[in-house]
Amino acid sequence: QVQLVESGGGSVQAGGALKLSCAASGETYRYYSVGWFRQLPGKEREGVACIYTRGGHTYVAESVKGRFTISQDNAKNIVYLQMNSLKAEDTAMYYCAATSRSYAGTWCLFSDGYDYWGQGTQVTVSS
C-alpha cells in the first residue's frame, strides 16, 4: 500500500502563491505517476497537474498552465505543486493521488486512473 499526505494549503489573497506538498510512504515502488486534483463541493474532480516520477515528464492543465508547476524530490518521495498568481477560482480542496500505471501520458490528468489518494488540503483564495 501507499500512503499519501498533502500539506501546504491555506488562505491567501488573489495574486499570492502557495506550495503544496504530497509526501508518499509505504510501498512507494508501486506507483509511477502522481497527480494533483482539486474539487469543490458538488463539483467534479479536476486534474491540475501530474508527473511521471520515473522520467520526470510533467503535464499541466490548460486552466492553470503558466501559473502552476509540478515537481518532485525523488529522494524524499515528495511531489510539489507550486501555485503562483492565485485566483479566487483556484479555491478548492486539493488532493494528490498516485497510480501504478507504468507509462507516462496526458491520461494522468484524469482521476479514474489512480489507485491511491490523500486526504486533501484546502486552498482558499480571497479576492
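Just so it is clear, the model here is predicted, and its values are computed rather than measured.
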Looking only at the side chains, is there a donor atom on one of Ser63 and Glu46 sitting less than 3.5 Å from an acceptor on the other?
yes
Can you tell me how the ring of Tyr94 sits relative to the ring of Phe68, calling it parallel under 30°, perpendicular over 60° and tilted otherwise?
tilted
From Gln72 atom CD to Ser21 atom OG, the distance as rounded to the nearest 0.5 Å
13.0 Å
For the residue pair Gln1 and Gln3, what are the closest heavy atoms and their distance?
CB-NE2, 3.6 Å
Any donor-acceptor pair under 3.5 Å linking the side chain of Thr53 with the backbone of Tyr32?
yes
Considering all heavy atoms of both residues, which atom of Gly35 and which atom of Cys50 are nearest to each other, and what is their separation?
CA-CB, 3.8 Å
Does Tyr80 belong to the same Ile/Leu/Val/Met/Phe/Trp/Tyr cluster as Leu86, with side-chain heavy atoms less than 4.5 Å apart forming each link?
no
Any side-chain heavy-atom pair from Trp36 and Cys22 closer than 4.5 angstrom?
yes
Examine Leu81 and Val12 and state if one hydrophobic cluster contains both, with Ile, Leu, Val, Met, Phe, Trp and Tyr joined whenever side-chain heavy atoms are less than 4.5 Å apart.
yes
Hey, what do you get for NZ (Lys19) to OG (Ser71), rounding to the nearest 0.5 Å?
5.5 Å
So, are Arg67 and Asp90 salt-bridged, with charged N and O less than 4.0 Å apart?
yes
Of all heavy-atom pairs linking Tyr52 and Ser102, the shortest is OH-O, 3.3 Å
For Thr91, does its backbone N or O pair with a side-chain atom of Thr124 as donor and acceptor, under 3.5 Å?
no
Spell out, as yes or no, whether a donor-acceptor pair under 3.5 Å connects the side chain of Arg101 to the backbone of Tyr114.
no
Could you state the interatomic distance from OG1 (Thr121) to CZ (Arg38), rounded to the nearest 0.5 Å?
14.0 Å
Any sub-3.5 Å donor-acceptor pair from Tyr59's side-chain atoms to Gly105's backbone N or O?
yes
When clusters are formed by joining ILVMFWY residues with side-chain heavy atoms under 4.5 Å apart, either directly or through shared neighbours, do Val48 and Ile51 land in the same one?
yes
Looking at Arg54 and Tyr31, what are the two nearest heavy atoms and their distance?
NH2-O, 2.8 Å
Please evaluate residues Leu4 and Val34 with respect to the criterion side chain to side chain contact (heavy atoms under 4.5 Å, CB included), reporting the C-alpha separation (whole Å), side-chain torsions for both, the decisive distance (0.1 Å), and the verdict.
CA-CA 10 Å; Leu4 302 172; Val34 173; 5.7 Å; no
Please check if the side chain of Gln119 supplies one atom and the backbone of Glu6 the other of a donor-acceptor pair under 3.5 Å.
no
In the single-linkage hydrophobic clustering (I, L, V, M, F, W, Y; side-chain heavy atoms under 4.5 Å), do Val60 and Leu18 co-cluster?
yes
Find the distance between OG1 (Thr28) and NZ (Lys76) and round it off to the nearest 0.5 Å.
15.5 Å
So, for Gly47 and Phe37, which heavy atoms are closest and what is the spacing to 0.1 Å?
CA-CD2, 3.3 Å
With a cut-off of 6.0 Å (strictly less than), are more than 12 heavy atoms of other residues, nucleotides or ligands near CZ of Phe110?
no
Considering all heavy atoms, the nearest Tyr116-Arg30 contact
OH-CD, 3.5 Å
Any link between Val64 and Met83 through a network of hydrophobic side chains (Ile, Leu, Val, Met, Phe, Trp, Tyr) touching at under 4.5 Å?
yes
